[in-house]
Structures are given as structure tokens and as C-alpha cells.
Amino acid sequence: MKFYMVEITSYEKKIKKHLSFLGFVRVENKYKQEFATKEEADAMCNLLDTYNISYLEYPNGIVRSNDYRKQFYQNIKPIIGSWYFCAYFGKPIKEEALTVDHILSIRKAQKSKFLQWILLKMNLDDINDSKNLCACCKKCNQKKGQKVSAAYVVRGILSRKRWFWITYYLLILIIIIWVIYNIGNISVSYTHLRAHETVL
């Protein structure tokens, strides 16, 4: 069932006691309240505006689930054998060493109406859907944090495709061969030049 969450982000201490009266419950050091419809949530937000209370309003689909890692492993299989690839760095990683990342950050989506619209257009009612999950190493996950950029989104989506990694490593191999070949040509040219100078 879809419902809407209003989360208090900042408030003056003197009105703290009124939040419980308004129906807000303290969860993980945050005051939150669920509403059955967006209209009810909007009405509460209008009331909070009159008291200059900062808040976030978002649907319940934009909340971290307890089983998103399970969803990932059920729907996204390793690229080769038991190996996944870090979406942002390209490093092969075993299942036990990887972290599962939300391509569109949960917190950013809670704060951004634009990202909520994007999720709607992608038919993603749940931000924990495997379409929004990718494998990455712990270092890249920490580096990315809550960032949302075209580069991260594209890499996150493509990283689940085997053809992407075949193309990726094939291009790297071609570049390495090209560099080695050109270094060899430069070396041969230099040797010929030195030999020519010696003759002169």
C-alpha cells in the first residue's frame, strides 16, 4: 500500500513537545509521520510551513528496505562465474567483498522532487528495486556517497550487462596494444636516426 511520509529535518526546541501532539513519531532520531494520501501529507506540510519547520515529503517507496541486498542477488547475477564488477571502477569483485549501491541515492531522492519524478518516469515505485541497484567496491561506494550524476547513473545501469564489460576490457586491451606498438615504432625510428647520424 502506498503512503506518504513527512519527516521533520529541523525545528526549534520549544516546539518539540508539539510534534508528538501533531502525530509525529521519533524514529532513528528523526520525527516522522505517515499519511494515507498525498493530500493529507500536503495539508500537514502547509501547517509546518506556518511554524517555519523544515521537512521532507516523499512516498514510502523512497525508504531503505531491509532486504535490498537480497533483491539484488535474486535479480542480478554475476558477470563471469562468481565475479561481479565494480560499477564505478571496473574492478572484478567476489560476492562477499562487494557492496550493493543505490544508483539514485535514497536521501537525495527524498530531498529532490526532480529525482522523485525521474523514479516515477522509470516506473520505479520502490527505490530498492533491482533496477536501481548495482555492485561496487566499498571504496567507490564511500566515494560516491549520496552523489547523483549522469556518469554514476550510466555506469550503474550499464554495469549489470555482460556485453558492457566485454566491450570495456576489449577497448582497454586495444589501447594498451596501440601504446606498445607506437612506443616500439618510436624506439625503432630513434635507432635509425642515431644510426644515420653515426654514418654522417
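Nothing here was measured: the structure is a model prediction, and the numbers come from that model. All values below come from the heavy atoms of this structure, side chains included, with hydrogens, waters and symmetry mates left out.
- At least one donor-acceptor pair under 3.5 Å links the side chain of T99 to the backbone N or O of C136.
- Atom NZ of K108 has more than 12 heavy atoms from other residues, nucleotides or ligands within 6.0 Å.
- Taking every heavy atom of both residues into account, Q74 and K77 meet most closely at O-NZ, 3.2 Å.
- At least one side-chain heavy atom of V63 sits under 4.5 Å from a side-chain heavy atom of Y58.
- A donor-acceptor pair shorter than 3.5 Å can be found between the side chains of D49 and Y55.
- Residue pairs meeting the side-chain hydrogen bond (donor to acceptor under 3.5 Å, both in side chains) criterion with at least one partner in residues 142-152, sequence neighbours excluded, are D101-K144.
- We find the SG-CD1 distance between C137 and I93 to be 6.0 Å, quoted to the nearest 0.5 Å.
- Of all the heavy atoms in N132 and L104, the pair that sits closest is OD1-N, 2.8 Å.
- R155 contributes atom CZ, which lies 4.5 Å from atom CZ of F164 (distance to the nearest 0.5 angstrom).
- Taking 4.5 Å as the limit, every side-chain heavy atom of N128 sits out of range of all side-chain heavy atoms of Q71.
- By the 4.5 Å heavy-atom criterion applied to side chains, I180 and I177 are not counted as neighbours.
- I15 and F21 sit in two unconnected hydrophobic clusters of ILVMFWY residues. Membership requires side-chain heavy atoms under 4.5 Å apart, directly or through other members.
- Contact detail for W165 and C86: the closest heavy-atom pair is CH2-O, 3.4 Å.
- Note on I106 and L120: separate hydrophobic clusters, where clusters join Ile, Leu, Val, Met, Phe, Trp and Tyr whose side-chain heavy atoms are under 4.5 Å apart, directly or indirectly.
- Under a hydrophobic clustering in which Ile, Leu, Val, Met, Phe, Trp and Tyr are joined whenever their side-chain heavy atoms come within less than 4.5 Å, directly or via other members, F24 and L47 fall into the same cluster.
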Check your understanding: Run the side-chain contact (heavy atoms from CB on, under 4.5 Å) check on E40 and M44 step by step: do they pass?
Key -> CA-CA 6 Å; E40 291 175 0; M44 176 56 75; over 6 Å; no
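- Heavy-atom minimum distance, Y169 versus F85: CE1-CE2, 3.5 Å.
- Considering only heavy atoms from C-beta on, R107 comes within 4.5 Å of L56 through its side chain.
- The shortest side-chain heavy-atom distance between L124 and I118 does not fall under the 4.5 Å cut-off.
- The distance from the CG atom of N75 to the CG atom of D129 is 7.5 Å, given to the nearest 0.5 Å.
- In the hydrophobic clustering of ILVMFWY residues, with side-chain heavy atoms under 4.5 Å counting as a link, I157 and W117 come out together.
- Among residues two or more places apart in sequence or in another chain, the ring pair (Phe, Tyr, Trp, His ring centres under 6.0 Å) test is passed with F72 by Y84.
- Two residues are said to be in side-chain contact when any heavy atoms from C-beta on lie closer than 4.5 Å; K16 and Y31 meet this criterion.
- Contact detail for K113 and E57: the closest heavy-atom pair is NZ-O, 3.3 Å.
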Practice item. List the steps, then state whether side-chain contact (heavy atoms from CB on, under 4.5 Å) holds for F114 with V148. Key: CA-CA 12 Å; F114 175 70; V148 175; over 6 Å; no
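- Atom CD1 of I103 is separated from atom NZ of K131 by 12.0 Å, given to the nearest 0.5 angstrom.
- The heavy-atom pair separating C134 from G156 by the smallest distance is CB-O, 3.6 Å.
- Using a 4.5 Å heavy-atom cutoff, the side chains of C45 and V6 are in contact.
- In this structure, CD on E28 lies 9.5 Å from CD on E7, to the nearest 0.5 angstrom.
- More than 12 heavy atoms of other shown residues, nucleotides or ligands fall within 6.0 angstrom of atom CG in D67.
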Practice item. Determine, stepwise, if the pair M5 / N60 fulfils side-chain contact (heavy atoms from CB on, under 4.5 Å). Key: CA-CA 6 Å; M5 183 77 73; N60 66 319; 5.8 Å; no
Exercise for review: Could you give me the CA-CA distance, side-chain angles and deciding distance for I172 and I176, then say whether side-chain contact (heavy atoms from CB on, under 4.5 Å) is met?
Suggested key: CA-CA 6 Å; I172 289 175; I176 290 169; 3.8 Å; yes
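- Residues I76 and L98 are members of one and the same hydrophobic cluster, defined by side-chain heavy-atom contacts under 4.5 angstrom among Ile, Leu, Val, Met, Phe, Trp and Tyr.
- Looking at heavy atoms from C-beta onward, K94 lies in side-chain contact with S82 at the 4.5 angstrom threshold.
- Separating the CD1 atom in I8 from the CG atom in L48 is a distance of 4.5 Å, to the nearest 0.5 Å.
- Ring centroids of Y68 and H102 are separated by less than 6.0 Å, placing the two rings close together.
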